[in-house]
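Below, chains carry the letters A, B, ... as their sequence lines are ordered, and counting in each starts from 1. Bear in mind that the values here come from a model prediction, so they are computed numbers and not experimental data. The basis for the numbers below is simple: all heavy atoms, side chains too, and nothing from hydrogens, waters or symmetry mates.
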There are 2 protein chains.
Amino acid sequence: MTEHQRQVISSALEGRAANGKMQRLLDALPDDLQGEMLGIWERATVPAGHILIEENTEAENIGFVLDGLLAMIKDLPDGRRHIIGLLTPADLFGRAFNGKSGYRIEALTETEVLTCPREPFEALLVRSPEAERLFLLNVLDELDAAREWVMVLGSGKVVQRVASLLLILCRHKVQGAIAPRAPINLNIKLKRVDIAHLLGTSPESLSRSFKQLERDGIIAINTPYDMDVLDLGELTEAAGNALLIEDFDL
Amino acid sequence: MTEHQRQVISSALEGRAANGKMQRLLDALPDDLQGEMLGIWERATVPAGHILIEENTEAENIGFVLDGLLAMIKDLPDGRRHIIGLLTPADLFGRAFNGKSGYRIEALTETEVLTCPREPFEALLVRSPEAERLFLLNVLDELDAAREWVMVLGSGKVVQRVASLLLILCRHKVQGAIAPRAPINLNIKLKRVDIAHLLGTSPESLSRSFKQLERDGIIAINTPYDMDVLDLGELTEAAGNALLIEDFDL
DNA sequence: CCATCCCGTTGACGGGCATCAATGAATCGA
DNA sequence: TCGATTCATTGATGCCCGTCAACGGGATGG
């Protein structure tokens, strides 16, 4: 491992949410492969609106989110756009081992990513069963997340979906930690339009649902991007218990 | 490999849709592991309504669908039930490597499956990188399917979702083959209620949507379980082009 | 052969929500 | 500093669709 490589990776991971996962991934590798793993990654900062992987193309890059927010987006012929899922720090994206994407990867905010060409990444996975298993576990997690979204989107009323989204954000925020009775502060990075497209609704209906949750005393809206969840129990109630896995330590 | 084992597997695969995939999986294994793989599977026939994996339990079994139809189902507290996804012949189910399920696996029709305990399956994957990669590819396919459902469920109108479902069924039917201009006959194994829960709507609305597609000359309904897709192009139109990957050879 | 059940369909009704339109607040650039 | 743009919110309107109800046909069982 060259000093340059070490520098890239360490500066990239410094003080970020993603460092734990990346570090675990590295530690699991045999020593002789660690350098190779580090060597193929390139760090990049992309502005909001930038498209990292185009729709319906053989993705040539694998990516790892360090900071910011990406989304899997599909444009519909009628001009509307649908957000299939989000990519947050510590998420992998790209199409290792399987072809075209069907959707594009777009930055919703300014984002820092690590990218590497697809071939050497695949080659490394083939060579190292440990790395491949880590990747497999990652994909399994993504599968759970996707199925959870299927659950959320299938459940009727808009308020329920909004509540479910908030629950997921809370879970993401307090992960591992014991959930306090105290309000959970959420810093939403998404615009209302994006949330709407994510939940399969319109910004107007979304706004009304937020207001309703606020009237019910379940949340407090400080700014459109800063809200507090006041009552986790009632929020779960409002969500209709639609979430697949409820692993809050209540 | 004992004669008993060989008998179980060969009779199980005989003349079934699932045999191709299982055979490929076997061929990819080193010779000395093939016997081990075959030895751990047990064949079973379960009646409709039978629950193969309970919700919120550590699944102790891995399964492989030979014939019939399974579904991933989550019950909502209000009594409604939501179908998250289907499992058709050649599909794997179970929770190798990651814990609880959050939904249950239930047979919608009488179903033949191969099952095996989880530990030896995982052990075999760990021992054989080839098997693990096959499993990984399987999971990647499932991920695509799940994201496709996210897409379908997010797209507004019920008629669009119905059309999308029909498109998926058509694709499943003609997979690989060149899609003919001639009508595609679909044999639906699902009850209307189940389709409704799958698409996040009600049986009544579903019926109306089917009728509308028939009025528009896009499909012909012979019986509720036997319909012909008359115009694949218009069906795609009606679906709003919401599908992620459109790999028909039109 | 009839009674019962299950299921799909059809009709009527009401509510939720998408759409259109307008206002207000915040940010940005000239 | 002042327009211009973007975005969130609110109101009004009409339609989609979820619900309740009833009907009919096919299957099952006595």
Discussion item. Run B/E148 and B/R171 through salt bridge (Lys or Arg N to Asp or Glu O under 4.0 Å) and show every step you take.
Written reply: CA-CA 13 Å; B/E148 191 167 60; B/R171 191 182 58 196; 2.8 Å; yes
Would you kindly give the [atom1]-to-[atom2] distance between [X] and [N], to the nearest whole Å?
{"X": "B/N222", "N": "C/dG8", "atom1": "CG", "atom2": "C1'", "answer": "15 Å"}
{"X": "B/L206", "N": "C/dG8", "atom1": "CG", "atom2": "C1'", "answer": "10 Å"}
{"X": "A/I221", "N": "D/dA8", "atom1": "CD1", "atom2": "P", "answer": "12 Å"}
{"X": "B/M227", "N": "C/dT9", "atom1": "CE", "atom2": "C1'", "answer": "13 Å"}
{"X": "A/R80", "N": "C/dC17", "atom1": "CZ", "atom2": "C1'", "answer": "13 Å"}
{"X": "B/E214", "N": "C/dT10", "atom1": "CD", "atom2": "P", "answer": "9 Å"}
{"X": "A/Q160", "N": "C/dC17", "atom1": "CD", "atom2": "C1'", "answer": "14 Å"}
{"X": "A/Q212", "N": "C/dG15", "atom1": "CD", "atom2": "P", "answer": "15 Å"}

So, is [X] close to the [N] phosphate, meaning a side-chain N or O under 4.0 Å from OP1 or OP2?
{"X": "B/S202", "N": "D/dC17", "result": "no"}
{"X": "A/T201", "N": "C/dC17", "result": "no"}
{"X": "B/S205", "N": "D/dC17", "result": "no"}

Worksheet item: Hey, which of these two, A/F210 or A/K157, hits DNA chain D nearer its 5' end, going by closest nucleotide?
Response: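 It is A/F210 whose nearest nucleotide is closer to the 5' end.
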[X], nearest nucleotide to its side chain (from [options]):
{"X": "A/K211", "options": "D/dA8, D/dT19, D/dT10", "answer": "D/dT10"}
{"X": "A/R192", "options": "C/dC17, C/dT10, D/dT9", "answer": "D/dT9"}
{"X": "B/K191", "options": "D/dC16, C/dG8, D/dT10", "answer": "C/dG8"}

Item to complete: Please confirm whether any donor atom in the side chain of B/R208 sits under 3.5 Å from an acceptor in the base of D/dT19, or the reverse.
Response: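 Such a pair exists between side chain and base.
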Worksheet item: Per the atom types in the model, does the base of C/dC20 pair as donor or acceptor with the side chain of A/E204 at under 3.5 Å?
Response: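 Donor-acceptor pair under 3.5 Å: yes.
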Worksheet item: What's the verdict on side chain to side chain contact (heavy atoms under 4.5 Å, CB included) for A/L153 and B/V150, showing C-alpha distance, side-chain angles and the deciding distance?
Response: CA-CA 7 Å; A/L153 291 178; B/V150 171; 3.6 Å; yes
Item to complete: Answer yes or no: is there an ion pair linking A/K100 with A/E54, defined by an N-O contact shorter than 4.0 Å?
Response: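 A salt bridge is absent here (no side-chain N lies under 4.0 Å from a carboxylate O).
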Item to complete: Considering only NZ, NE, NH1 and NH2 on the basic side and carboxylate oxygens on the acidic side, decide whether B/E106 and B/R81 come within less than 4.0 Å.
Response: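 Between B/R81 and B/E106 there is a salt bridge, with a charged N closer than 4.0 Å to a carboxylate O.
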Practice prompt. Say whether, by atom type as modelled, one donor and one acceptor occur between the side chain of A/S209 and the main chain of A/S205 under 3.5 angstrom.
Written response: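 Yes, A/S209 side chain to A/S205 backbone: donor-acceptor pair under 3.5 Å.
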Item to complete: Look at all strands and tell whether A/Y225 reaches a base, only sugar-phosphate, or nothing, counting heavy atoms closer than 4.0 Å.
Response: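 It contacts sugar-phosphate atoms only.
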